[in-house]
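Letters A, B, ... are given to chains in the order of the sequence lines, protein chains preceding strands, and every chain is numbered from 1. In what follows, every heavy atom counts, from backbone to side chain, and hydrogens, waters and symmetry copies are set aside. Worth saying up front: this structure is predicted, and the values here are computed from it rather than measured.
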Amino acid sequence: MVAISLPDGTVRQYDGAVTAEQVATDIGPGLLKAAIVARIDGVLADLRLPMEQDANLEIITRQSDEALEILRHDCAHVLAEAAKELWPAIQVTIGPSIEDGFFYDFSKEEPFTPDDLEKLEKRMAEIVDRDEAIERQVWDRQQAIDYFKSIGEHYKAEIIEDLPEDEPISVYQQGDFIDLCRGPHLTSTAKLGDAFKLMKIAGAYWRGDHRNEMLQRIYGTCWRNKKELKAYLFRLEEAEKRDHRRLGKEMDLFHFQEEAAGMPFWHPKGWTLYGTLQRYMQRRLDAGGYQEVKTPQLVDRSLWEKSGHWEKFREHMYTTESDERIFALKPMNCPGHVQIYRQRLKSYRDLPLRMAEFGACHRYEPSGALHGLMRVRAFTQDDAHIFCTEDQITSESKIFCDLLMSIYKDLGFEDVHVKFADRPEVRAGEDAVWDQAEEALMTALTATGLDYTMNPGEGAFYGPKLEFVLRDAIGREWQCGTLQVDFVLPERLDASYVGEDNSRHRPVMLHRAILGSFERFIGVLIEHYAGRMPLWLSPVQVVIATITNEADEYARSVAADMRAAGLRVEMDLRNEKIGYKVREHSLAKVPVIAAIGAREAEEGTLALRRLGDKRQDVVTLADAIAALSKEGSMPS
RNA sequence: GCCCACAUAGCUCAGGGGUAGAGCACUCCCUUGGUAAGGGAGAGGUCGAGUGUUCGAAUCACUCUGUGGGCACCA
């Protein structure tokens, strides 16, 4: 007897081994139809996997998130089957589900064309219509390797060869297509449905290593039903409208051009936004006990050799020669800050010493890495280094995290993804030092109570780091804030302090940035707000738009009064209809339009209209200035 | 850096081996109109750069630069 316990507490008895599919059938046709996969004793498995002993069973239906992942994974398999049918010589490699969809990497002589995507989609639909049963088989390791080699699937054979010895080799067959896969999968291709779409062709290195050959990756999206697919495609379209590169142009904030690839030209409005953000940061850092400094852009290579950056990053540094010496444009501020630190003998009483700089850095980033403001070659970090004792690491880290979260909140970011990146394979420093650094940082992170995920092996070469990650309009992740513990640089650049015991000690350096770079953060900020910045950050806070020329003089005096109150104001006295002006300034994302005509001029009022709002609010000039100044001043 | 695609007016884009087109923006004129486009006229381009093929190249080929999507990289 086999007893199958279901989530609602009921237990079903069977004479012998039974499959989840059978149980679902017994419960009802509705459940069977919706069933995607089973969870047997907490582990996801095929619906047709026989349960030979008592088990806890949960039928995962189409509605669940886990089912969606299975659908996407299956969709990848169907794509691979379609590709094999259309191009028999193609080699299939891997095809996992990912956020919103899946991809599959192929090795193929001729590149895929956009037309191929249509052909593939059509063939995939046919495979779904064929209702091919998807069957799991467990093969002998060598048999599997031989089989995949015999059909020319050398990548598959390589994957099996690299699997742990004790791992069972499971393959899935649908129609004539057999693929190595851990599963689980649907019972049939028909269950996939029709809510999928191939999105784009890309290149990707085999096993993610740039020394390997480049495969052709096809990305697709897959959903439970057409309605969800349509909603997703609509969401993408909407997100495109928030792209900071597009808004940067539309709102006249910045531009790029060929002669300075990866280096933004900030226009007046963009620079106003930048400046406002910088003043805000200055205020917060000042209140946080930081001292602001400024270090040289060009520094002799010898300093970079000492710091170790020359050896590791020389290819990515801009250099210039003068007086037969080689100078590098600074790619970072740390060595400069250590020079300032070293200028006077420091005591333990000086620590923690928090040294901040809005440091303009240049890095020759690989051409393929450039991406609007998010990844540039010239950028300004809101950088700071905290020189402290080992005992102070945890408390300083905690203080920093709190400051960062408070600033992010002011800037409209409530949910921040925190990652803890620990020791990389190639690193400087003893393991004991790493143990200590990681533990101190982890203690601080735990103390903040923030949720985090691990990012194994992704720490800096000199120490572990926290990454504060924000997302852009289409969900791409960008690291903005960071906190790094460093025992190495103080040693290399000989920073020290005199301790209570009257002998010399090495301080620890905490590298930290909150925005990361002004460029990237502003890029994220624009997308986050879809260009509709809060009043205090808006480059233009109010446009005074006249309805007729008769109001011109009043408009000028209103503008003067508002400017005197510190508001950023523009006037629109053009001979255009008010509807035209409203449209234009709305498209430019100006938060407040103050319309004035003869009536307002007469009464000393303004007709205020908030961006996107149909209503207008007629208020006196004095009230308007009081309210807007309050709302428009930066958070403190 | 690697794979694929793209580059035409300030912007968004159409066209395509025989000397360049639209809409918006811009300039001028008319219009002074109460909340997301009033009307008319005009000006504006070595079709990213270079080399080649051709009687002829913006169009075809190649190289380069830049951009987009990925991958790799990210002190």
**Prompt:** Counting any heavy atom closer than 4.0 Å, what does A:Glu315 reach on the DNA or RNA strands: base, sugar-phosphate only, or nothing?
**Reply:** nothing
**Asked** Would you say B:C71 has OP1 or OP2 under 4.0 Å from some side-chain N or O of A:Tyr219?
**Response** yes
**Asked** Considering only side-chain heavy atoms of A:Arg377, which listed nucleotide, B:U35, B:A75, B:G66, is closest?
**Response** B:G66
**Asked** Looking across every strand, which nucleic acid part, if any, lies under 4.0 Å from A:Glu250 by heavy atom: base, sugar-phosphate, or nothing?
**Response** nothing
**Message:** Below the 4.0 Å mark, does B:G69 have OP1 or OP2 next to a side-chain nitrogen or oxygen of A:Arg476?
**Reply:** yes
**Asked** Can you tell me which stems RNA chain B forms when a stem means 3 or more consecutive Watson-Crick or G-U pairs under 3.5 Å?
**Response** B:1-7 with B:65-71, B:10-13 with B:21-24, B:26-30 with B:38-42, B:48-52 with B:60-64
**Prompt:** Taking for each residue the nucleotide of RNA chain B bearing the nearest heavy atom, is the 5' side occupied by A:Lys614 or by A:Gly208?
**Reply:** A:Lys614
**Message:** Under 4.0 Å from OP1 or OP2 of B:G1: is there any side-chain N or O of A:His316 that close?
**Reply:** no
**Message:** Is A:Tyr205 stacked against the base of B:A72, taking the criterion as centroid distance under 5.5 angstrom and interplanar angle under 30°?
**Reply:** no
**Message:** Once ring pair (Phe, Tyr, Trp, His ring centres under 6.0 Å) is applied, do any residues pair with A:Trp223, and if so which ones, sequence neighbours excluded?
**Reply:** A:Tyr232
**Prompt:** With sugar-phosphate meaning primed atoms plus P, OP1 and OP2, does A:Lys108 contact a base, only sugar-phosphate, or nothing at under 4.0 Å between heavy atoms?
**Reply:** nothing
**Fill in**
Whichever of A:His511 and A:Glu259 has the more 5' nearest nucleotide on RNA chain B, that residue is A:Glu259
**Message:** Is the phosphate of B:G68 approached by A:Lys200 (side-chain N or O, under 4.0 Å from OP1 or OP2)?
**Reply:** no
**Message:** Let's test your reading of the model: under 3.5 Å, does the base of B:C11 pair with the side chain of A:Arg246 as donor and acceptor?
**Reply:** no
**Prompt:** So, is A:Arg583 near the phosphate of B:A25, with a side-chain N or O under 4.0 Å from OP1 or OP2?
**Reply:** no
**Item:** Touch class at under 4.0 angstrom, heavy-atom based, for A:Leu587 against every strand present
**Value:** base
**B:G33 phosphate, OP1 or OP2, under 4.0 Å from A:Thr548 side-chain N/O** = no
**Donor/acceptor link under 3.5 angstrom from A:Glu600 side chain onto base of B:G34** = yes
**Request:** Have a look at A:Arg314 and say if it touches a base, only the backbone sugar-phosphate, or nothing, with a 4.0 Å heavy-atom cut-off.
**Result:** nothing
**Prompt:** So what does A:Lys249 hit on the nucleic acid, given a heavy-atom distance under 4.0 Å: a base, only sugar-phosphate, or nothing?
**Reply:** sugar-phosphate
**Prompt:** Taking N and O atoms by type only, does the side chain of A:Arg217 place a donor or acceptor under 3.5 Å from a partner on the base of B:C3?
**Reply:** no
**Asked** B:A36 phosphate, OP1 or OP2: any side-chain N/O from A:Arg609 under 4.0 angstrom?
**Response** yes
**Nearest non-hydrogen partners of A:Leu611 and A:Ser586, listed with the distance** = CD1-O, 3.5 Å
**Message:** Considering every strand and a 4.0 Å limit on heavy-atom distances, what is the contact class for A:Gly308: base, sugar-phosphate, or nothing?
**Reply:** nothing
Side-chain donor/acceptor pairs under 3.5 Å, residues 487-495 of chain A, sequence neighbours excluded:
from: A:Glu491; atom 1: OE1; to: A:Arg506; atom 2: NE; distance (Å): 3.2
from: A:Arg492; atom 1: NH1; to: A:Ser307; atom 2: O; distance (Å): 3.3
from: A:Asp494; atom 1: OD1; to: A:Arg506; atom 2: NH1; distance (Å): 2.9
from: A:Asp494; atom 1: OD1; to: A:Arg506; atom 2: NH2; distance (Å): 3.2

**Message:** OP1 or OP2 of B:G68 versus the side-chain N and O atoms of A:Arg245: is any pair under 4.0 Å?
**Reply:** yes
**Asked** If you look at every strand shown and take non-hydrogen atoms under 4.0 Å, does A:Ala607 touch a base, only sugar-phosphate, or nothing?
**Response** base
**Message:** Heavy atoms only, 4.0 Å cut-off, all strands: where does A:Tyr462 land among base, sugar-phosphate and nothing?
**Reply:** sugar-phosphate
**Message:** By the 4.0 Å heavy-atom rule, please label A:Ala594 as base, sugar-phosphate, or nothing.
**Reply:** nothing
**Message:** Applying a 4.0 Å non-hydrogen cut-off, can you work out what A:Gly579 is touching in the nucleic acid: base, sugar-phosphate, or nothing?
**Reply:** sugar-phosphate
**Request:** Report yes if a side-chain nitrogen or oxygen of A:Lys465 is closer than 4.0 Å to either non-bridging phosphate oxygen (OP1 or OP2) of B:A75; otherwise report no.
**Result:** yes
**Prompt:** Would you say A:Tyr580 reaches B:C24's phosphate, i.e. side-chain N/O to OP1/OP2 under 4.0 Å?
**Reply:** no
**Message:** By the 4.0 Å heavy-atom rule, please label A:Pro331 as base, sugar-phosphate, or nothing.
**Reply:** base
**Message:** Applying a 4.0 Å non-hydrogen cut-off, can you work out what A:Ala202 is touching in the nucleic acid: base, sugar-phosphate, or nothing?
**Reply:** base
